Amino acid sequence: MNFVEELRWRGLLHDMMPGTEEALNKGMCAGYIGFDPTADSLHVGSLLQIMTLMRFQKAGHKPFALVGGATGMVGDPSGKSQERNLLSEDILNHNLKGIQAQLERFLDFDCGANSAEIVNNYDWFKNFTFLDFIRDVGKHITVNYMMAKDSVKKRLESEVGMSFTEFSYQLVQGYDFYYLWKHKNCILQMGGSDQWGNIVTGTEFIRRKDGGQAFALTSPLIKKSDGTKFGKTEGGNVWLDAKKTSPYQFYQFWLNASDDDAANYIKIFTFFTEEEINSLITEHQQAPHLRTLQKALATNLTKLVHGEAALETALKTTDFLFGNGSLDFLKSLDNEGVLQVFEGIAQFTISKNEFEAGYDTLTLLADKTSIFPSKGEAKKMIVGGGVSVNREKVPSPEKVFEVSDLINNKFLVAQKGKKNYFLIIVE
RNA sequence: GGGGGGAUUCCAGAGCGGUCAAAUGGGACGGACUGUAAAUCCGUUACUUCGGUUUCGAAGGUUCGAAUCCUUCUCCCCCCA
């Protein structure tokens with residue numbers, strides 16, 4: 001199955017320029033996807049693009065991952081209703097390093113002709129002067145053409161308007177494509193559907209400047225079945241960086257997908273074949289409570305992103321917190337073991353002296369730890385029956401915890417709602 | 001330049017001198033049900049030492065009492081030129 005067919009059955013093909021499939025079928029091609037340095041880590045949303053590059057490479061083509069050291073300085077207006085704030089260079093560099101390190105995990109950089117490469121567009125923009133740019137690039141694309149783009153049109157019609165900086169963004173990105181086409185023989189740019197306009201500016205620029213031919217291919221925006229944004233939890237974004245989203249939380253994110261979403265995600269976010277997926281879906285439908293799909297997703301992706309060892313820990317933690325793991329299990333572990341089980345879980349430390357003085361639940365949960373932002377909120381939730389400590393519902397806000405309540409003389413396990421666990425360490 | 005309208009608790013949006021910590025809807029969070037799902041139902045949604053305390057764009061003022069009235073300022077929208 002070729003690359004385009006693969007994307008098609010997985011529902012990952014939103015749009016492509018005529019001739020793209022034919023061009024790819026002629027043999028090995030080079031293609032790229034750009035990643036914005038808006039944060040120092042990529043998130044699950046970027047995972048789709050990363051995996052597209054992986055599929056591209058598996059299909060025998062040569063993938064380029066572009067980090068936007070230059071474009072990040074400008075700010076992509078696509079899909080933004082407001083002008084963006086510029087990032088400082090320090091932050092930008094920090095972010096670039098972070099996402100570059102992440103990208104390196106996913107692609108094969110040593111497999112002969114189609115080895116992956118990471119490029120930074122700052123390298124070809126840093127010495128490009130403004131005058132050169134408007135003469136060599138600006139001259140080939142009319143403002144009329146640029147204004148017809150959706151991302152620009154919407155902003156021109158709105159009250160907030162658009163700065164010249166963001167208006168020129170598509171030219172900057174368009175030139176990236178030209179540069180890679182010219183110097184790396186890169187004939188395809190891929191991306192999310194919101195990137196269509198920017199990508200096509202690139203192919204247009206290549207055509208007008210050098211009479212060359214290049215192609216565009218986009219993937220659809222992923223949405224949840226209830227229409228809300230993909231990739232968010234109550235805690236915010238789901239990041240690929242283990243420091244921002246622990247492997248356990250990452251695993252839980254996928255495990256908590258609804259049935260509808262899981263059936264969709266399994267095609268998008270795994271490398272299973274069509275037959276394998278169909279059999280997984282059938283299996284899931286026969287025994288939905290086993291959540292075969294969610295487990296397959298969570299397991300495969302945690303392993304892909306964080307590695308085998310982190311997956312093992314995430315599974316162990318999940319097993320204890322949601323399985324039939326009793327407190328006795330925790331008690332049977334030494335301190336190291338407890339900390340390992342709770343590795344991906346928010347932790348708070350308070351001193352033993354303080355603890356011995358005796359805190360009521362409110363002080364403990366809202367004052368001494370930030371499990372709750374205020375005592376009022378903690379109280380409401382305790383009264384509402386939503387708070388447990390050591391697996392038992394806290395009967396009243398006045399309940400005082402003592403040394404005898406500590407597991408292994410050191411730990412308390414607090415629970416806000418059913419799924420949010422916290423470890424309080426007393427030492 | 002002239003005239004008019006507006007800024008309310010996460011969002012939308014009521015309130016127009018006391019009974020307003022502020023209707024209603026959405027979102028979020030919690031509970032029940034379940035499969036750590038979906039749907040549904042219920043509850044909570046400023047802080048508090050539970051006496052109170054600080055909120056309705058900002059600062060002053062009137063009043064026993066202001067989100068509500070007055071003054072100035074900031075920002076937004078609309079109409080005319």
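Reminder, nothing fancy here: chain letters follow the sequence lines and each chain counts from 1. Quick caveat, the model's predicted, so the values are computed rather than measured.
To the nearest angstrom, P of B:G30 lies 15 Å from CG of A:Leu365. Look at CE on A:Met381: it is 13 Å from P on B:A32, rounded to the nearest Å. If you take CD1 of A:Ile345 and C1' of B:U36, they are 13 Å apart, rounded to a whole angstrom.
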Sub-3.5 Å pairs of nitrogen or oxygen atoms, protein against nucleotides 37-42 of chain B:
unit_1 : atom_1 : unit_2   : atom_2 : d
B:A37  : OP1    : A:Lys419 : NZ     : 2.9

Listed pairs, N/O of protein and of nucleotides 49-56 of chain B, under 3.5 Å:
unit_1 : atom_1 : unit_2   : atom_2 : d
B:U49  : OP1    : A:Lys375 : NZ     : 3.4

- Message: One pair to check against side chain to side chain contact (heavy atoms under 4.5 Å, CB included): A:Tyr359 and A:Leu365. What are the steps and the verdict?
- Response: CA-CA 9 Å; A:Tyr359 290 127; A:Leu365 299 185; over 6 Å; no
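Checking the phosphate oxygens (OP1, OP2) of B:G30, a side-chain nitrogen or oxygen of A:Asn420 falls inside 4.0 Å. The side chain of A:Ser374 contributes no N or O atom lying less than 4.0 Å from OP1 or OP2 of B:A46.
Atom CD of A:Glu392 has 12 or fewer neighbouring heavy atoms from other residues, nucleotides or ligands inside a 6.0 Å radius.
For A:Gln252 against B:U36, a side-chain N or O and a base N or O form a donor-acceptor pair under 3.5 Å.
In this structure B:G51 sits in the syn conformation; its chi angle is within 90° of 0.
Pair check for B:A21 finds none; no Watson-Crick or G-U wobble contact set falls under 3.5 Å. B:U44 and B:A28 make up a base pair, with Watson-Crick or G-U wobble contacts both under 3.5 Å.
Look at the C1' atom in both B:U8 and B:A23: the space between them is 12 Å, to the nearest Å.
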